[in-house]
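To keep things clear, I will list the structure first and then write my remarks on it.
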Amino acid sequence: MASTELVLTDRILMGPGPCNPYPEAVQALGRPMLGHLDPEFIALLDETNERLRTVFGTSNALTFPVSGTGSAGMEAAIVNFVGPGDTVVVAVNGVFGGRMVDVVSRTGAEAIAVEHEWGQPVDIDRMVAAHPAPAMFAMVHAETSTGVESDVAAMGARKGDALLLADCVTSLGGVDLQVDGWGIDIAYSGTQKCLGVAPGLAPLTVSDRAIERIKPTPQSWYLDLNMIAAYVTGSGARAYHHTAPISMIMSLHAGLGAVLAEGLDAVRARHQAVGDAVKQGMVDLGFELFAAEGHRLAPLSSIVIPEGHLGSMTEAEVRSRLLGDYGIEIGGGLGPVAGKVWRIGSMGHTARQRNVTTLLGALADILG
Ligand SMILES: Cc1ncc(COP(=O)(O)O)c(C=O)c1O
C-alpha cells in the first residue's frame, strides 16, 4: 500500500529564520493540552511573560506573546497607538521598515518614511529632523533584510513626547536590548529567530506611558490590546478574548527557560562569537560583507557574492545544492539586493560553531 506520509528531512536552518529550535522548545510542543483558562496554564503564561520581561530588559506589566508571527506583533504595535490625524516617522533601511510604513498608512495615519541606503544604519539626526512633533518614531533594531543593527538607544534619547516603537524581531535574545534603559515604549519580536522557538508568536512589550495612549477602539478587533490585556495580565480571573495558542506558549516558555538557564549574557556572547565566525569564514572563502562596518548584526550575516565568484553556477543553484546535498538552508537577498546578497542566520539553537564549520565545508566543496 502506498504511504500517504510525506518524508521530511532534518535541516540546518541558517537562513534569516526560522532557526533550529532548542530541543526543550520542540519537546514542549508535545505536552498534553490544557485549557486556556486552566489555572495551571495561566501560571505558565504568567511565568512566560516574566521570562519575556527579562529578555526584553523591562518591567512593563503589559508584556506577553501576541498570537501570530512577528508581523502580527508589528500590527499590534501600530494599530493600537496611531490612526487618522497622527504622524509617524518611520526609518526605512530595508524591507521591514518599508512594511511598517505600509501598516501605518493603512491605519489612516500619515507615515513619513525616512529612506536610507540599504546596508546603512538608521540616521537619528534625519529621523528627528523629519517632523517636529510626531505621535511615534518607528525603527527596526536589527534589519534582517540587510544584516544591519541600528542604535535604538540614541533614538530613545531624542524621542521627545513621541512614542518610540522598535522592531526587535531579529535582536531579542541574540543581541543587547534594554527596553526600559533605552526609552523604548513599544517593542515586538518573533519566536523563530534568536529565541530559538518555532514561528507562531510575537512577544510584545508596552510601557505604561504607551498604555495611556492606546486608542479606545483600535482598527483591529483581534489585536485590540484593551481587550487582550484583560486576559494576559492581572491577577485572579482572566477574561476570554480569543483562544490562546497553548502549545506554542508552552514551547516559548521552554525555549526561554533554555535561554535563561544558559544565561542571557552567555547566549548573546554565543550569538556574537558564531556570527563573527560566519563572517570571517565567508571572507576567507572570497566573499564580501554587505552591512556597513561597525553596524554588522551578529545573528544575521549579509554576504555579497562577487561577480564571477560562483563560476558557472547562479547563486540560487548554490543555495539549492546546499539544501539538497548538505541539508543546509541559507537565505537569498530581498528586494534590490535579490540575486546579489546571501543572508546567513546563526540564531537560537543554530548559533553553534559546529553549524558554521559544516556550512563553510559544504560551500568549499561546492565551489571546488
Ligand atoms: C525585522 C523583521 N521584522 C518583522 C518580520 C516579520 O515577521 P514574520 O515573518 O514572523 O511575520 C521579520 C521576519 O523575518 C523581520 O525579520
Side-chain angles (χ1 to χ4, degrees), residues 13-21 25 56 65-79 90-104 106 111 113 116 118-122 138-152 155 164-175 177 179 184 186-205 220 222-223 245 248 251-252 255 271 275 290-291 295-302 329-335 337-338 341-348 350-351:
L13 295 173
M14 301 191 80
C19 67
N20 295 102
F56 269 124
V66 173
S67 308
T69 62
S71 305
M74 184 188 289
E75 295 233 31
I78 292 173
V79 302
V90 188
V92 180
N93 64 337
V95 164
F96 296 101
R99 188 175 296 185
M100 288 208 273
V101 170
D102 195 359
V103 178
V104 167
R106 287 173 191 223
H116 295 68
W118 279 45
Q120 295 296 324
V122 175
M139 66 187 283
V140 178
H141 184 203
E143 240 310 339
T144 326
S145 58
T146 60
V148 166
E149 184 174 345
S150 289
D151 189 349
V152 183
M155 186 72 252
L164 172 56
L165 164 59
D167 174 316
C168 299
V169 169
T170 300
S171 58
L172 185 69
V175 301
L177 171 62
V179 164
I184 300 172
I186 309 152
Y188 60 87
S189 188
T191 40
Q192 74 272 27
K193 313 262 187 180
C194 303
L195 293 180
V197 178
L201 295 174
L204 175 76
T205 187
S220 167
Y222 190 67
L223 297 172
M248 270 306 299
S251 184
L252 174 59
H271 278 83
F290 178 68
H295 306 280
R296 292 179 182 141
L297 182 60
L300 192 286
S301 304
S302 50
E329 177 181 276
I330 65 167
L334 287 179
V337 294
V341 161
W342 281 337
R343 293 177 303 146
I344 304 180
S346 45
M347 310 179 197
T350 307

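Note that this is a predicted model, so its numbers are computed, not measured. We're numbering straight along the sequence, starting at 1. Ligands are counted one by one from 1 in listed order, and the atoms in each one are counted from 1 as well.
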**Q.** Test side chain to side chain contact (heavy atoms under 4.5 Å, CB included) applied to Lys193 and Thr144, Thr350, Leu300, the passing residue
**A.** Thr144

Q.
Restricting to non-hydrogen atoms, name the atom on Gly332 and the atom on Arg343 that form the minimum distance, rounded to 0.1 Å.
A. O-NE, 2.9 Å

Q.
Which residue and atom name correspond to the protein heavy atom nearest atom 12 (C) of ligand 1, and how close is it?
A. Phe96 CE2, 3.3 Å

Q. Under 3.5 Å, N or O to N or O, is Val140 touching ligand 1 that way?
A. no

Q: Specify the closest pair of heavy atoms between Ser302 and Gly147, including all atoms of both residues, with the distance to one decimal.
A: OG-CA, 4.0 Å

Q. In terms of atom number and element, which parts of ligand 1 are under 4.0 angstrom from non-hydrogen atoms of Lys193?
A. 13 (C), 14 (O), 16 (O)

(Q) Going by the rule salt bridge (Lys or Arg N to Asp or Glu O under 4.0 Å), which residues pair with Asp151 if we only count those two or more places apart in sequence or in a different chain? (A) none

**Q.** Heavy-atom closest pair, residues Val169 and Gly70
**A.** CG2-CA, 4.4 Å

Q | Nearest-0.5 Å distance, CD1 of residue Ile78 to CE of residue Met100 | A | 6.0 Å

**Q.** From Met347 atom CE to Cys194 atom SG, the distance as rounded to the nearest 0.5 Å
**A.** 5.5 Å

Q) In terms of residue, atom name and distance, what is the protein heavy atom nearest to atom 3 (N) of ligand 1? A) Asp167 OD2, 2.6 Å

Q) If you take all heavy atoms of Val90 and Gly97, which pair is closest and at what distance? A) CG1-O, 3.6 Å

Q) Would you say His141 contacts ligand 1, with heavy atoms under 4.0 Å as the rule? A) no

Q | All ring pair (Phe, Tyr, Trp, His ring centres under 6.0 Å) counterparts of His271, not counting sequence neighbours | A | none

Q) Which of the atoms of ligand 1 are close to Thr144, meaning less than 4.0 Å from one of its heavy atoms? A) 1 (C), 2 (C), 15 (C), 16 (O)

Q. With atoms numbered from 1 as shown, which atoms in ligand 1 lie under 4.0 angstrom from a non-hydrogen atom of Ser71?
A. 6 (C), 7 (O), 8 (P), 11 (O)

Q: Please indicate whether any nitrogen or oxygen in Tyr188 is less than 3.5 Å from any nitrogen or oxygen in ligand 1.
A: no

Q) Atoms of ligand 1 less than 4.0 Å from Arg99 heavy atoms? A) 6 (C)

Q.
I need the contact type for Glu143 against ligand 1. Using non-hydrogen atoms and a strict under-4.0 Å cut-off, is it side chain, backbone, both or neither?
A. neither

Q) Which atoms form the tightest heavy-atom contact between Gly190 and Leu195, and what is the distance? A) O-CD1, 4.0 Å

Q. For ligand 1, which atoms, with element, lie under 4.0 Å from some heavy atom of Thr170?
A. 16 (O)

Q | Subset of ligand 1 atoms that lie under 4.0 Å from at least one heavy atom of Gly70 | A | 7 (O), 8 (P), 10 (O), 11 (O)

Q) Do any N/O atoms on Thr69 end up under 3.5 angstrom from N/O atoms on ligand 1? A) yes

Q | Subset of ligand 1 atoms that lie under 4.0 Å from at least one heavy atom of Ala142 | A | 1 (C)

Q) Numbering the atoms of ligand 1 from 1, which are under 4.0 Å from a heavy atom of Val169? A) 1 (C), 2 (C), 3 (N), 4 (C), 12 (C), 15 (C), 16 (O)

